[in-house]
Amino acid sequence: MTDSAVRVRFCPSPTGNPHVGMVRTALFNWAFARHTGGTFVFRIEDTDSARDSEESYEALLAALRWLGLTWDEGPEVGGPYGPYRQSVRMRDGVYADVAQRLLDGGFAYHCYCSPDELDARREQAMAEKRAPGYDGHCRALSEDQVAAFRAEGREPVVRFRMPDTDWTWDDLVRGPITFAADQVPDFVLVRANGEPLYTLVNPVDDALMRITHVLRGEDLLSSTPRQLALYGALAEIGVSDGTTPRFGHLPYVMGEGNRKLSKRDPESSFQMYRDEGYLPEGLLNYLALLGWSMGEDREFFSKEEMAEAFTLERVSQNPARFDLKKCKAINGDWIRTLDPADLGTRIVPYLAAADVVSEPITDEQQRVISAAVPLIQERLETLGQAVGMVGFLLVPEDRFRVDEADAAAVLTAEATPVLEAAVAALEAVEPWDAAAIEQSLRAALIDGLGLKPKVAFGPVRVAVSGRRVSPPLFESLEILGREKALVRLRGALD
Ligand code: GLU
Ligand code: ZN
């Protein structure tokens with residue numbers, strides 16, 4: 001196989017909101033395709049009408065678009081192996097046709113066992129210390145037995161007839177893996193109501209779409225022997241071209257306290273990263289580190305650099321720990337790479353959502369943002385943090401509030417002479433710029449009142465910015481303007 005023949009797929013089911021585990025899988029497949037000059041196929045596995053939703057489908061497309069993980073074949077892009085939504089393929093009869101051919105070829109059979117019967121036999125098998133999986137009960141029913149079941153009104157499922165062999169593959173990440181024959185019982189391909197299951201549709205589409213490499217989460221490892229077996233049958237009935245994809249299973253992503261990151265953990269929600277103002281570059285960079293390393297301790301890179309370097313040898317077998325602090329820190333590094341004007345534009349939607357600027361912003365708001373960005377760029381880890389850092393410079397006076405805890409701690413009785421001296425100093429300072437403001441406040445508070453800088457500037461900072469932590473004080477005062485600064489200082493005195 002030449003490199004350019006590589007075809008990988010990202011094939012999520014559109015249930016609920018996209019999560020970071022999914023995005024990691026998409027990223028690794030994308031990087032592998034780009035590294036090899038292959039094809040990145042995006043397929044939607046939406047055959048479960050009870051759980052899938054159009055909203056979730058839209059969210060998946062929006063997520064990949066926002067991240068810049070462009071797909072070569074898939075929804076809205078098309079391609080030679082479409083359609084790329086399984087719900088459409090199902091309506092077209094793709095899976096019913098393959099199921100019928102598997103039945104005709106003897107690779108699958110109808111199973112009439114009821115759930116209660118299956119449960120009872122499973123319990124008995126476990127009591128007798130036999131393998132608990134399906135026991136092959138319906139593998140060779142006589143015509144009379146079938147007729148009797150039909151007469152009872154039973155509708156059969158379609159079950160795959162597992163060949164009686166062990167299953168071994170050389171995993172692209174984990175090396176050789178073997179499942180013993182009795183670990184992989186005959187499994188259901190189509191429900192009694194005719195709905196095809198993941199066990200059928202996923203390998204069928206991988207075969208029909210000529211997928212060469214399956215890179216997916218380790219949670220799916222136990223389905224691989226079944227897929228290998230099904231692939232064998234698909235080759236015999238002419239659905240596959242005879243090649244079986246190579247499988248590579250990406251390590252688990254662990255959350256807090258040594259358990260797998262779950263969809264319920266807030267940091268697993270992809271939307272959270274957009275809401276809080278992560279950059280696509282930052283999120284992708286962090287997710288790349290979940291199970292892959294560039295080497296040479298390099299942890300800061302773009303997705304293009306990742307693609308350039310991406311080989312499966314560097315995918316780890318060990319579980320990866322999700323570390324939100326590190327993710328934030330990397331995002332902060334990406335924020336620092338932005339041109340200040342660009343950063344100013346990117347924070348506007350967050351400021352608007354918090355209602356501290358109008359949409360579109362006014363010229364005066366633009367002036368404040370442009371002046372404030374250099375003061376916060378070093379400290380921002382997410383775009384959303386800009387609201388807390390510069391909101392006080394933008395918010396209308398009638399909505400300006402001092403944080404209660406900070407006021408209680410800093411705006412005490414001892415602060416009164418400090419604030420009075422600051423008002424007097426700032427009324428007179430000329431010109432109104434950071435250097436002159438600093439000079440006059442130092443003269444008034446440190447030289448004049450004999451205070452330490454922290455005691456001197458703390459009350460001024462809280463009175464003017466509303467918080468104990470703010471961007472540099474003198475620059476902030478310059479941006480805020482004399483009038484507003486004095487209003488707030490007098491407000492604090494009241
Ligand atoms: N639709 C499956 C899932 O989201 C795909 C699994 C696979 O990659 O084979 O879990
Ligand atoms: Zn049966």
Side-chain angles (χ1 to χ4, degrees), residues 7-30 32 40-48 51-52 56-57 59-60 63 74 84-87 89-90 108-122 125 133-142 145-146 148-150 152 154-162 171-173 185-192 196-207 209 211 213-228 230-231 245-250 252 263:
R7 293 178 57 80
V8 290
R9 83 305 196 263
F10 171 55
C11 55
S13 300
T15 58
N17 295 319
H19 57 90
V20 290
M22 242 169 178
V23 176
R24 197 257 323 236
T25 299
L27 172 63
F28 282 35
N29 278 284
W30 176 90
F32 187 63
F40 179 50
V41 178
F42 181 20
R43 179 175 79 223
I44 303 292
E45 305 213 319
D46 56 348
T47 52
D48 186 346
R51 299 182 59 223
D52 300 325
S56 175
Y57 164 79
L60 279 166
Y84 293 89
R85 284 188 79 166
Q86 288 186 331
S87 55
R89 301 170 71 75
M90 184 163 69
Y109 58 92
H110 283 131
C111 164
Y112 291 87
C113 301
S114 71
D116 287 347
E117 289 163 348
L118 293 172
D119 280 348
R121 299 211 304 271
R122 184 181 308 118
Y134 185 74
D135 54 8
H137 182 271
C138 302
R139 273 186 162 207
L141 296 177
S142 67
Q145 284 170 305
V146 171
F149 282 140
R150 294 260 185 211
E152 286 175 34
R154 295 195 191 211
E155 292 291 343
V157 301
V158 177
R159 226 178 245 287
F160 187 72
R161 190 188 301 276
M162 280 299 288
D171 195 271
L172 293 162
V173 175
D186 295 355
F187 58 95
V188 178
L189 298 170
V190 183
R191 287 208 177 94
L197 293 175
Y198 164 77
T199 47
L200 176 69
V201 297
N202 174 277
V204 163
D205 281 347
D206 284 348
M209 296 180 181
I211 297 302
H213 295 73
V214 171
L215 304 177
R216 58 182 180 181
E218 197 178 325
D219 51 318
L220 290 156
L221 191 131
S222 63
S223 67
T224 301
R226 296 193 300 236
Q227 301 194 352
L228 291 172
L230 185 53
Y231 249 88
R246 307 270 330 256
F247 287 81
H249 291 90
L250 310 175
Y252 282 116
K263 281 187 195 168

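The basis for the numbers below is simple: all heavy atoms, side chains too, and nothing from hydrogens, waters or symmetry mates. Numbers here simply count residues along the sequence, with the first being 1. Counting starts at 1 for both ligands and their atoms, following the listed order.
At least one side-chain heavy atom of Leu220 sits less than 4.5 Å from a side-chain heavy atom of Tyr198. Inter-residue side-chain proximity for Val8 and Phe40 is flagged as met; some heavy-atom pair is nearer than 4.5 Å. For the pair Ser223 and Arg216, the minimum side-chain heavy-atom distance is below 4.5 Å. By the 4.5 Å heavy-atom criterion applied to side chains, Asp206 and Arg43 are counted as neighbours.
For the residue pair Val201 and Pro196, the shortest heavy atom distance occurs at CG1-CB, 3.7 Å.
Within 4.0 Å of ligand 1, the residues that place a heavy atom are Arg9, Cys11, Pro12, Ser13, Glu45, Tyr198, Asn202, Arg216, Leu220, listed by chain and number.
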Kindly list each side-chain donor-acceptor pair under 3.5 angstrom involving residues 11-22, sequence neighbours excluded, with atom names and distances?
unit_1, atom_1, unit_2, atom_2, d
Ser13, OG, Glu45, O, 3.2
His19, ND1, Gly21, N, 3.3

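Distance CZ/Arg51 to CG/Asp46: 12.5 Å, rounded to 0.5 Å.
Within the sub-2.8 Å shell of the Zn ion (ligand 2), the protein contributes these N/O/S atoms: Cys111 SG, Cys113 SG, Tyr134 OH, Cys138 SG.
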Pair Val214-Arg9, side chain to side chain contact (heavy atoms under 4.5 Å, CB included): steps then yes or no: CA-CA 7 Å; Val214 171; Arg9 83 305 196 263; 3.6 Å; yes

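Every residue meeting the side-chain contact (heavy atoms from CB on, under 4.5 Å) condition with Thr199, not counting sequence neighbours, appears here in chain and number order: Phe187, Leu189, Leu197, Arg226.
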